[in-house]
Asks: 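Have a look at this one before I ask anything.
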Amino acid sequence: KGSSKPQRMLSYVQRHSKRGDPDSVISTIDIFCRSKEWAMNVGDEKGLILDKLICEANPSIVLELGTYCGYSSLRIARLLPPGGRLFTMEFNPAYAKIAKQIIAWAGLESKIQVLEGPSGDLIPQLKKKHAIEKCDIIFIDHWKDCYLPDTKLLEECGLIGKGTVLIADNVTFPGTPDYLEYVRNSPHYSSQYFKSYLEYSKTEDGLEKSVFLG
Ligand SMILES: O=c1[nH]cnc2c(O)c(F)c(-c3ccc(F)cc3)cc12
Ligand SMILES: [Mg+2]
């Protein structure tokens with residue numbers, strides 16, 4: 001029974017990065033993905049755009065759909081103001097287990113809560129179980145077929161309010177056409193595409209930023 005790619009990524013982080021230093025962990029994961037094994041983190045190029053969007057919004061409550069190994073959780077949480085919180089949902093228990101260890105290694109566990117299970121089940125629990133009113137930012141980076149249904153569920157649950165910013169990864173590759181059509185044609189959203197590249201590759205991809213207008 002060999003190791004998994006997430007397990008190899010965790011080992012590489014523990015051997016090559018500085019414990020308690022999120023920037024060191026982030027850059028170490030990028031080196032692992034460029035020099036050892038490609039992995040589906042948002043990456044350093046789209047990551048810089050994500051950083052800028054997070055800083056501009058200065059959010060208190062961020063929801064992430066799709067944790068994987070926790071790379072974008074670190075990118076987001078390291079930029080939160082004091083008291084800011086990130087809730088991140090992961091369907092795959094093996095991924096969640098690794099993500100929690102990478103988050104702990106980086107020293108950001110006090111700002112990040114990893115919620116395990118299907119987002120469709122977890123989203124309706126957010127208000128009551130985690131005392132969340134509205135999300136300031138929602139980073140959508142899980143399974144492309146879930147982007148649109150989960151966005152509609154978040155609206156129905158009252159978790160998207162005036163000014164809530166949706167940031168979606170992979171809108172060009174692998175592509176999320178139904179989601180894009182929805183946010184770009186809805187009178188309730190103002191959308192903007194940030195052209196970039198698929199993580200650790202030369203293929204085009206980008207982030208879609210959509211602000212809820214109320
Ligand atoms: O499933 C995914 N969830 C979230 N993000 C992804 C991603 O950023 C990818 F590049 C990819 C991806 C996987 C295989 C490819 F050949 C290209 C992109 C997948 C995901
Ligand atoms: Mg992605």
Side-chain angles (χ1 to χ4, degrees), residues 4-10 13 25-54 62-79 86-100 102-103 112 114-123 135 137-151 153-154 165-180 182-183 191-210:
S4 69
K5 176 157 52 175
Q7 283 168 330
R8 293 191 292 275
M9 185 189 292
L10 172 62
V13 161
V25 177
I26 290 163
S27 51
T28 298
I29 292 173
D30 289 327
I31 292 165
F32 174 82
C33 293
R34 286 189 183 279
S35 64
K36 306 290 182 198
E37 303 181 63
W38 186 93
M40 60 178 174
N41 313 122
V42 73
D44 46 353
E45 293 165 299
K46 289 184 288 181
L48 277 175
I49 300 168
L50 178 64
D51 288 356
K52 192 168 141 299
L53 296 176
I54 299 290
V62 180
L63 172 62
E64 176 179 64
L65 305 181
T67 314
Y68 186 41
C69 295
Y71 174 90
S72 49
S73 304
L74 300 183
R75 290 203 79 110
I76 293 165
R78 84 196 205 286
L79 299 175
L86 168 66
F87 294 86
T88 180
M89 297 178 172
E90 180 50 58
F91 171 76
N92 181 317
Y95 293 169
K97 188 167 183 275
I98 297 294
K100 285 174 184 171
I102 287 181
I103 288 163
I112 303 171
V114 180
L115 306 175
E116 286 184 45
S119 50
D121 296 352
L122 294 170
I123 286 168
C135 297
I137 290 186
I138 300 167
F139 181 50
I140 311 173
D141 190 27
H142 55 345
W143 181 239
K144 57 190 171 54
D145 295 350
C146 298
Y147 280 42
L148 184 53
D150 281 354
T151 296
L153 181 59
L154 284 158
V165 179
L166 307 186
I167 302 170
D169 189 29
N170 308 118
V171 297
T172 298
F173 191 88
T176 60
D178 61 341
Y179 172 82
L180 273 189
Y182 179 75
V183 289
S191 270
Q192 188 179 355
Y193 177 63
F194 294 82
K195 184 175 180 294
S196 185
Y197 297 91
L198 182 70
E199 48 266 34
Y200 320 114
S201 99
K202 292 185 168 33
T203 305
E204 181 187 340
D205 189 20
L207 301 178
E208 186 83 1
K209 173 193 174 184
S210 307

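Counting convention: from 1, in listed order, for ligands and their atoms alike.
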Asks: Among protein heavy atoms, which sits nearest to atom 20 (C) of ligand 1, and what does the distance come to when rounded to 0.1 Å?
Replies: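 Here the closest protein heavy atom is Met40 SD, 3.5 Å.
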
Asks: Do the charged groups of Glu116 and Lys100 touch, with an N to O distance under 4.0 Å?
Replies: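 Yes.
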
Asks: Just which atoms of ligand 1 are under 4.0 Å from any heavy atom in Glu199?
Replies: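 Once the distances to Glu199 are compared, the set is 7 (C), 8 (O), 9 (C), 10 (F).
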
Asks: Evaluate Lys46 for polar contact with ligand 1, using N/O atom pairs at a separation under 3.5 Å.
Replies: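 N/O-N/O distance below 3.5 Å does not exist for this pair.
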
Asks: Look at atom NZ of Lys5 and say whether more than 12 heavy atoms of other residues, nucleotides or ligands are closer to it than 6.0 Å.
Replies: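 Enclosed: over 12 neighbouring heavy atoms sit under 6.0 Å from NZ of Lys5.
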
Asks: Can you find a pair of side-chain heavy atoms, one from Leu207 and one from Lys195, that are under 4.5 Å apart?
Replies: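 No - every pair of side-chain heavy atoms lies 4.5 Å or more apart.
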
Asks: Taking the six-membered ring for Trp, are His142 and Tyr68 ring centroids under 6.0 Å apart?
Replies: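 That pair fails the under 6.0 Å test.
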
Asks: Among Val171, Asn170, Thr176, which one satisfies side-chain contact (heavy atoms from CB on, under 4.5 Å) with Glu208?
Replies: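 The single option meeting the side-chain contact (heavy atoms from CB on, under 4.5 Å) with Glu208 is Val171.
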
Asks: What is the name of the N/O/S atom of Asp141 that is nearest to the Mg ion (ligand 2)?
Replies: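 The atom in question is OD1.
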
Asks: Please determine whether the number of non-hydrogen atoms from other residues, nucleotides or ligands lying under 6.0 Å from atom OH of Tyr193 exceeds 12.
Replies: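 Result for OH/Tyr193: enclosed.
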
Asks: Tell me whether ligand 1 is touched by Trp38 - counting only heavy atoms on the residue side and a distance under 4.0 Å.
Replies: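 The answer is yes: ligand 1 sits under 4.0 Å from a heavy atom of Trp38.
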
Asks: Any N/O/S of Tyr68 under 2.8 Å from the Mg ion (ligand 2)?
Replies: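 No, outside the cut-off.
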
Asks: Need the ligand 1 atom indices (1-based, order shown) with element for anything under 4.0 Å from a heavy-atom of Phe173.
Replies: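 Selected atoms, number and element: 17 (C), 18 (C).
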
Asks: Closer than 4.0 angstrom: is that true for some heavy atom of Pro174 and an atom of ligand 1?
Replies: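 Flag set, Pro174 near ligand 1.
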
Asks: Between Tyr68 and ligand 1, find which residue part has any heavy-atom pair under 4.0 Å and reply side chain, backbone, both or neither.
Replies: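 Neither; no heavy atom under 4.0 Å.
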
Asks: Can you tell me how far apart CD1 (Ile54) and CG (Leu79) are? Round to the nearest 0.5 Å.
Replies: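 With rounding to 0.5 Å, CD1 (Ile54) is 7.0 Å from CG (Leu79).
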
Asks: Among protein heavy atoms, which lies nearest atom 6 (C) of ligand 1, and at what distance?
Replies: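 Protein heavy atom with the smallest distance to atom 6 (C) of ligand 1: Asn170 OD1, 3.2 Å.
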
Asks: Taking non-hydrogen atoms only, is Leu198 closer than 4.0 angstrom to ligand 1 via side chain, backbone, both or neither?
Replies: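 Just the side chain.
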
Asks: In the structure I gave you, are the side-chain heavy atoms of Arg78 and Ile26 within less than 4.5 Å of one another anywhere?
Replies: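 They are in contact (side-chain heavy atoms under 4.5 Å apart), so the answer is yes.
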
Asks: Does ligand 1 have a heavy atom under 4.0 Å from the side chain of Asn41, from its backbone, from both, or from neither?
Replies: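 The answer is neither; Asn41 stays 4.0 Å or more away.
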
Asks: Could you identify the single nearest non-hydrogen protein atom to atom 3 (N) of ligand 1 and state the distance to 0.1 Å?
Replies: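 Checking every protein heavy atom, the shortest distance to atom 3 (N) of ligand 1 gives His142 O, 2.9 Å.
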
Asks: What N/O/S atom of Asp169 gets nearest to the Mg ion (ligand 2)?
Replies: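 Among the N, O or S atoms of Asp169, the one closest to the Mg ion (ligand 2) is OD2.
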
Asks: With side-chain contact (heavy atoms from CB on, under 4.5 Å) as the test, pick out the partner of Ile103 among Leu86, Ile98, Ile112.
Replies: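 Answer after filtering Leu86, Ile98, Ile112: Ile112.
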
Asks: Please work out, at 4.0 Å between heavy atoms, whether the side chain, the backbone, both, or neither of Lys144 comes within that distance of ligand 1.
Replies: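 It is neither; nothing of Lys144 touches ligand 1.
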
Asks: Which is closest to atom 5 (N) of ligand 1 in terms of heavy atoms, Asp169, Val42, Thr67, Asp141?
Replies: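 Answer by nearest heavy atom: Asp141.
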
Asks: Could you tell me whether Phe91 atom CZ has more than 12 heavy atoms of other residues or ligands within 6.0 Å of it?
Replies: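 No - once you tally the heavy atoms of other residues, nucleotides and ligands closer than 6.0 Å, there are 12 at most.
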
